[in-house]
Amino acid sequence: MLQKNRKKPIYEGKAKCLYEGPEPDTLIQHFKDSATAFNNEKKGTISGKGVINNRISEYLMTQLEDIGIPTHFIRGLNMREQLVRHVDIIPVEVVMRNLAAGSMCKRLGIAEGASLYSPIIEFYYKDDSLGDPMITEDHIINFGWMAPEELEIVKNQTYRINDFLSGLFAGARLKLVDFKLEFGRIIFEEEEVVQIVLADEISPDTCRLWDMDTNEKMDKDRFRQDLGGEAEAYQEVARRLGLLAKIKEEGDGESNVEEIK
Ligand code: TMP
């Protein structure tokens with residue numbers, strides 16, 4: 001339940017808010033319907049998106065935990081919220097590409113949908129005021145955004161996540177074209193160890209998903225490119241993952257179930 005008189009978010013992002021959690025070292029991650037693109041230049045709302053992304057991200061993070069990828073996810077709380085571990089976010093966005101799309105096509109003049117010899121990993125420095133510039137591994141090491149051994153872990157996890165999620169989405173007749181991940185650190189001071197965990201979200205906001213047969217776009221590109229039908233596309237992704245029935249049947253009083261048709 002969304003608490004009344006809740007404190008102000010400790011972080012208000014474009015698609016999510018973070019509140020202090022009920023237990024030490026936890027946060028409540030709240031998914032909103034607001035959408036932005038092109039570093040906040042385009043703003044809008046995708047009706048029901050927060051509810052769907054909350055469930056999709058919960059489902060994918062849980063599946064990844066099951067194959068041994070540590071994540072920040074603890075448990076679902078309600079239609080729009082999940083309890084997560086408080087991590088120090090590493091200021092590097094990791095993008096993995098299986099097919100050419102988006103900024104890579106623009107930057108390199110490559111046709112959308114072109115196949116790649118092997119998956120491509122890219123890094124971006126997480127700083128909105130700079131427009132999240134693309135960086136290399138040398139920047140990451142030189143500026144201390146990750147230690148070399150942390151970067152190795154992040155790269156290995158990203159390749160594993162790509163293999164696993166590509167298969168999972170293929171089972172839902174969806175191609176995982178590309179996606180963005182964020183990682184964080186949990187510091188265990190007594191043992192003097194640092195654990196790298198997958199954080200943020202995995203959803204149609206942060207993945208490109210194309211229908212396996214028609215290549216129809218089923219993700220935030222519908223919003224970015226003014227294609228329309230974004231709410232329906234997000235619902236269809238949830239339906240194909242077997243999550244829509246559960247989403248529909250779980251009213252929690254806080255969100256209007258009617259928004260999910
Ligand atoms: P790009 O082609 O625009 O660089 O995006 C690559 C992938 O990363 C795509 O699946 C969308 C996702 N992404 C985000 O989740 N957040 C962002 O801010 C950007 C630019 C991309």
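Ligands are counted one by one from 1 in listed order, and the atoms in each one are counted from 1 as well.
Sorted by chain and number, the heavy-atom contacts of ligand 1 below 4.0 Å come from Val95, Arg97, Ala101, Gly102, Ser103, Tyr124, Asp178, Phe179, Lys180, Asp205, Thr206, Cys207, Arg208, Arg224.
One side chain, Asn162 or Asn98, offers a donor N or O that lies under 3.5 Å from an acceptor on the other.
Leu241 has its side chain out of reach of Arg55: every pair of non-hydrogen atoms, C-beta onward, lies at least 4.5 Å apart. Here the side chains of Leu151 and Trp145 are not in contact, with every heavy-atom distance at 4.5 Å or above. Between Pro91 and Asp127, every side-chain heavy-atom pair lies at or beyond the 4.5 Å cut-off.
Looking at Ile153, Asp88, Ile187, Ile186 one by one, the single match for side chain to side chain contact (heavy atoms under 4.5 Å, CB included) with Val194 turns out to be Ile187.
Summarising the local packing, CD of Glu189 is surrounded by 12 or fewer heavy atoms from other residues, nucleotides or ligands at distances under 6.0 Å.
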